Amino acid sequence: MTTVTSMKCACDNCLCVVSLEDAIQKDGKAYCSEACASGHPDGSGCGHTGCGCG
């Protein structure tokens, strides 16, 4: 049996893959940053290089 240790950030427009150990958990979903987890209220992206979410 394989254990999942990382997955794509739950933010639809985000390209990041996040470790479940390091992820920000919100509503049962894993996010790569607080910006993604909070729905980008100020329009800022996650801040990771090469990702244009926000």
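The shown structure was predicted, so the numbers you read here are calculated from the model rather than taken from an experiment.
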* Asked: side-chain hydrogen bond (donor to acceptor under 3.5 Å, both in side chains): which pairs involve residues 11-31, sequence neighbours left out?
  -> none
Result block: side-chain N/O donor-acceptor pairs under 3.5 angstrom for residues 36-51, not counting sequence neighbours:
from  : atom 1 : to    : atom 2 : distance (Å)
Ser38 : OG     : Glu34 : O      : 2.9
Ser38 : OG     : Ala35 : O      : 3.3
His40 : ND1    : Ser44 : O      : 2.6
Asp42 : OD1    : Ser44 : N      : 3.1
Asp42 : OD1    : Ser44 : OG     : 2.8

* Asked: Of the non-hydrogen atoms in Leu20 and Ala30, which two are nearest, and what is the gap between them?
  -> CD2-CB, 3.9 Å
